[in-house]
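See structure below.
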Amino acid sequence: VLVTGNKGDDVPIRGFIQTGHLSDDFETAQKKYETLKKTLGGLKECSNETYEGAGQAVDLKQEAIVLFDRHRLRAPGADDSTNFDEPIVALLTLKPSLLAAAKEGAFATKITDVEPTKIYDGYVREVREHIAVVSVGAWWVTGSIPKAALAHSFVENPSDVVKVGQSVKILVTQVDVERRRFKGDLRLDGPKGKKTEGSSKALESKELGAMVDISVKKVQGLTVVCQAKGAQGFLHATQMLDLQDCKYGVGYSPLEKVDTSGRLKCRILKVGSDQVVHDKDDEDAQASGKTMSRLILTSRPSLLKDGLVPDKVASNQISWAKLELGDQVLAGVVEVGTDKIILEVAEKVRGRVSALDCSMDPKITEAPGLYFKPGQIYKARVIHLNKTKKQLGLSLISPEEDSSLQVGSSTKAQLQKIEDCSKGGCAARFLLHGDAIGLCHITELNDKWIADPRKDLEEGKYYEVAVLKEEESDKKESGKAKEKMPSKHFQVSMRDSKVKAKKAGQNEKRPKFSELKVGSIVNGYVVNSTPNGVFVAISPGVTGRLRLKELPDAKIDPEKVATLYPAGRLIKDAKVQEIDAAGKKFELSLLKGTSLDQLSVGSIVSGAVTRVERFGVFVRLDGSTISGLVHSSELGDANLAKLSDFKEGDRLPRVKVISIEHGKVSLSLKPSHFEGLPEGEEAKGVKRKTDDSKAQESTSKGSAKKKAKKR
């Protein structure tokens with residue numbers, strides 16, 4: 001049968017399905033083929049035009065497995081010469097057994113996937129004179145079965161026992177990795193075994209969807225272990241209830257009704273990969289070490305009705321491969337913790353429910369251990385899924401009751417981790433409702449500007465937070481990225497003005513960048529310290545820099561700045577000095593003194609020499625970051641003063657501002673500018689003197705007097 005379909009993310013594919021691969025049952029496959037042939041108007045010539053030409057089509061409404069993606073379709077009896085008119089297609093199968101094996105990871109794609117002594121679902125590729133060529137997965141993962149191993153009775157011609165495309169269960173006896181082949185046996189209990197009437201019936205009933213009446217052996221965790229001749233059955237508690245009959249927030253206990261000495265009516269949901277097992281509770285199995293068929297069962301009332309097709313039954317099997325975000329499932333309680341519940345939705349498929357997603361009732365979220373017990377079954381929703389890492393987040397709250405996180409709303413959150421503020425100023429990481437993550441900036445921990453507000457936080461404790469905005473994700477949700485999609489991230493606040501909608505005081509507001517002005521006084525917290533400066537956050541996303549020369553310390557070692565100004569330190573009353581609107585950057589200062597806009601031509605100020613150049617002397621004005629230039633022509637009235645008379649660090653008690661142009665300040669030391677001022681009187685202003693600067697000032701004053709006497 002020629003087919004067309006889509007592979008993965010809507011990639012078109014042309015395929016070919018051999019008649020035997022239309023179903024696991026060979027007679028059913030043959031009937032299906034005849035029906036399709038009749039519906040599609042009989043046989044057609046096999047060529048590329050077959051796909052391109054218009055014609056009637058039938059929607060199979062089934063998933064298919066790719067066995068081989070480049071199969072050259074040849075007419076029966078054609079030779080091996082290359083014919084470019086022969087279509088290249090993907091070889092596909094619709095066998096439910098192979099579909100289930102692929103979803104459970106038991107579909108071999110390379111020879112190293114095949115293990116000796118293990119039983120696989122497979123199919124017959126070719127029948128020869130003395131052997132049958134079989135595969136247990138992809139088309140090229142092949143092995144041979146000698147005719148003596150095809151049946152317990154004597155086999156003269158292999159074609160009398162098996163047919164091409166037939167579904168078979170294969171006991172792998174030997175694997176030759178180097179030659180990329182294996183040997184197998186269709187006699188699942190070995191060459192010496194004898195099939196009794198009971199075991200034959202058990203094997204016959206191992207068809208997907210078959211109804212079985214099986215003995216209950218024990219209840220183990222969330223699973224009812226059943227026993228039959230040559231087979232073990234496993235019925236998970238979630239397979240005892242119909243999803244549509246269960247309500248959110250209600251705990252069901254179907255295991256309490258199980259009679260461990262009785263029998264259960266079930267359907268076969270899946271036939272597992274069988275192995276030689278030794279059941280310690282079965283004396284006969286212990287003695288013989290016989291092969292036991294592993295059957296996954298279901299007793300959901302809706303699936304026990306007559307007339308169900310196998311595919312309908314198989315669709316109720318839960319696996320990692322089938323789970324999707326938003327799915328509604330039944331989940332059994334395995335373990336109850338103080339802040340989370342571990343649930344199991346199927347064998348080897350476990351998930352987690354945070355206390356915040358157990359219920360909308362605060363009493364339940366604060367003490368889930370009082371309300372949830374192991375063995376209970378709940379209706380749940382998939383809210384977080386990572387199939388690669390096998391991470392599953394669930395919610396027990398109905399979609400109607402679940403209020404999604406909205407900007408401006410307040411919600412309960414659990415503090416997961418206190419951060420070091422190095423990542424954009426984030427000080428606290430919270431777990432929110434819906435398995436979302438809340439990130440709280442250090443400026444949003446408290447309305448008041450208090451010393452390191454993180455010290456009052458306690459990990460694991462619940463707090464009320466306000467949702468500010470949703471963080472944008474950098475990952476595109478395409479292809480496999482959907483299954484790896486991380487939890488949603490939100491910016492949150494713990495400030496009462498946001499959580500309780502109280503009016504913030506004037507000093508409690510968090511300024512936006514657009515509100516900043518040169519000369520503004522702001523508060524903030526250190527988020528990073530480097531030799532280039534101390535970075536201070538004044539609100540989320542608004543961070544300014546304090547250059548080292550703007551710090552109140554007389555002198556600071558660049559290598560020790562991080563120790564002196566650690567992340568989280570409160571910075572109060574910093575002045576905005578410069579604003580780069582285009583780059584959204586601004587500079588701060590903690591120095592208290594004259595600013596450029598306070599200077600005027602004619603002002604008498606004081607300062608210290610910071611640099612001597614061939615054209616003049618640079619002077620740093622006291623109590624500020626302003627530097628001015630005393631040109632060599634402005635050192636004295638009669639050119640008596642020389643540049644060599646000045647050195648770095650000299651105090652200049654009086655200098656006069658003679659011009660301010662484009663932010664540049666020109667100064668003068670000419671005595672004529674200071675006529676009328678008492679000799680030795682220093683300019684008024686805020687000064688910052690250390691012991692070193694005082695010593696320098698004393699030295700420079702003495703030196704100045706000597707020079708005056710000399711003149």
Side-chain angles (χ1 to χ4, degrees), residues 1-78 82-104 107-109 121-126 133-142 163-168 208-209 309-315 317 321-322 479-480:
V1 178
L2 302 182
V3 296
T4 58
N6 291 320
K7 179 182 178 183
D9 295 333
D10 297 330
V11 177
I13 187 173
R14 304 192 310 177
F16 173 71
I17 304 173
Q18 291 181 337
T19 302
H21 281 267
L22 291 171
S23 175
D24 272 326
D25 181 72
F26 205 75
E27 291 184 6
T28 302
Q30 192 65 40
K31 290 178 181 178
K32 198 169 186 178
Y33 170 77
E34 293 297 334
T35 302
L36 288 170
K37 185 172 70 171
K38 184 177 179 181
T39 304
L40 295 171
L43 296 175
K44 295 182 181 179
E45 184 179 352
C46 185
S47 67
N48 282 310
E49 283 100 12
T50 307
Y51 284 101
E52 296 165 1
Q56 192 175 2
V58 175
D59 188 354
L60 295 176
K61 296 181 180 180
Q62 285 183 265
E63 286 184 304
I65 298 294
V66 178
L67 299 177
F68 183 42
D69 56 2
R70 290 193 61 80
H71 177 73
R72 185 173 293 280
L73 204 55
R74 287 198 167 100
T82 302
N83 182 354
F84 292 102
D85 191 46
E86 294 173 342
I88 300 295
V89 296
L91 193 60
L92 309 176
T93 181
L94 298 181
K95 289 181 179 292
S97 60
L98 295 179
L99 199 64
K103 291 181 178 181
E104 291 300 317
F107 183 92
T109 58
D121 285 296
Y123 54 92
V124 179
R125 267 193 55 176
E126 185 181 352
V133 179
V134 295
S135 178
V136 293
W139 190 252
W140 54 84
V141 184
T142 59
K163 296 178 175 61
V164 173
Q166 181 179 332
S167 296
V168 290
L208 188 65
V309 297
D311 288 347
K312 172 71 174 176
V313 179
S315 65
Q317 171 70 11
K322 293 178 68 174
K480 292 188 177 180

How long is the span from the OH atom in Tyr33 to the NZ atom in Lys38, to the nearest 0.5 Å?
14.5 Å
Under 4.5 Å between any side-chain heavy atoms of Val164 and Arg125, yes or no?
no
When rounded to the nearest 0.5 angstrom, what distance separates CD1 in Ile13 from CG in Asp69?
7.5 Å
Taking all atoms of both residues into account, what is the closest heavy-atom pair of Ala321 and Lys103, and its distance?
CB-O, 3.9 Å
Kindly compute the distance separating OG1 (Thr93) from CG (Leu22), expressed to the nearest 0.5 Å.
8.5 Å
Around Lys322, counting heavy atoms of other residues, nucleotides and ligands shown, do more than 12 lie under 6.0 Å from its NZ?
yes
Looking at Asp25, is its backbone amide N or carbonyl O close enough to the side chain of Lys95 to form a donor-acceptor pair, meaning the two atoms are under 3.5 Å apart?
no
Closest contact, heavy atoms only, Ala90 versus Val66:
CB-CG1, 4.5 Å
Parallel, tilted or perpendicular: ring planes of Trp139 versus Tyr123, cut at 30 and 60 degrees
parallel
Can you tell me how far CD of Gln18 sits from CG of Leu67, rounded to the nearest 0.5 angstrom?
8.5 Å
Taking all non-hydrogen atoms of both residues into account, name the closest pair between Asp24 and Ser167 and its distance.
OD1-OG, 2.7 Å
Begin from the C-alpha positions of Ile17 and Val3 and carry the test side-chain contact (heavy atoms from CB on, under 4.5 Å) through to its verdict.
CA-CA 8 Å; Ile17 304 173; Val3 296; 4.0 Å; yes
Is the backbone of Glu27 close enough, under 3.5 Å, to the side chain of Lys32 for a donor and an acceptor to pair up by distance?
no
Worked check of side-chain contact (heavy atoms from CB on, under 4.5 Å) between Val134 and Thr142:
CA-CA 6 Å; Val134 295; Thr142 59; over 6 Å; no
Write down the atom of Phe16, the atom of Val89, and the distance for their closest heavy-atom approach.
CB-CG2, 3.7 Å
Locate the shortest heavy-atom distance separating Glu63 from Leu94; write the atom from each residue and the value.
O-CD2, 3.6 Å
Over all atoms of both residues, closest heavy-atom pair of Val124 and Lys163:
CB-O, 3.3 Å
Hey, does the side chain of Ser135 reach the backbone of Val141 with a donor-acceptor pair shorter than 3.5 angstrom?
yes
Atom CD1 in Ile65, atom CG in Leu99: separation rounded to 0.5 Å?
4.5 Å
Rounded to the nearest 0.5 angstrom, the NZ-OG distance for Lys31 and Ser23 is 11.0 Å
Side chain to side chain donor-acceptor pair (under 3.5 Å) between Ser97 and Asp121: does it pass, once the steps are laid out?
CA-CA 6 Å; Ser97 60; Asp121 285 296; 4.5 Å; no
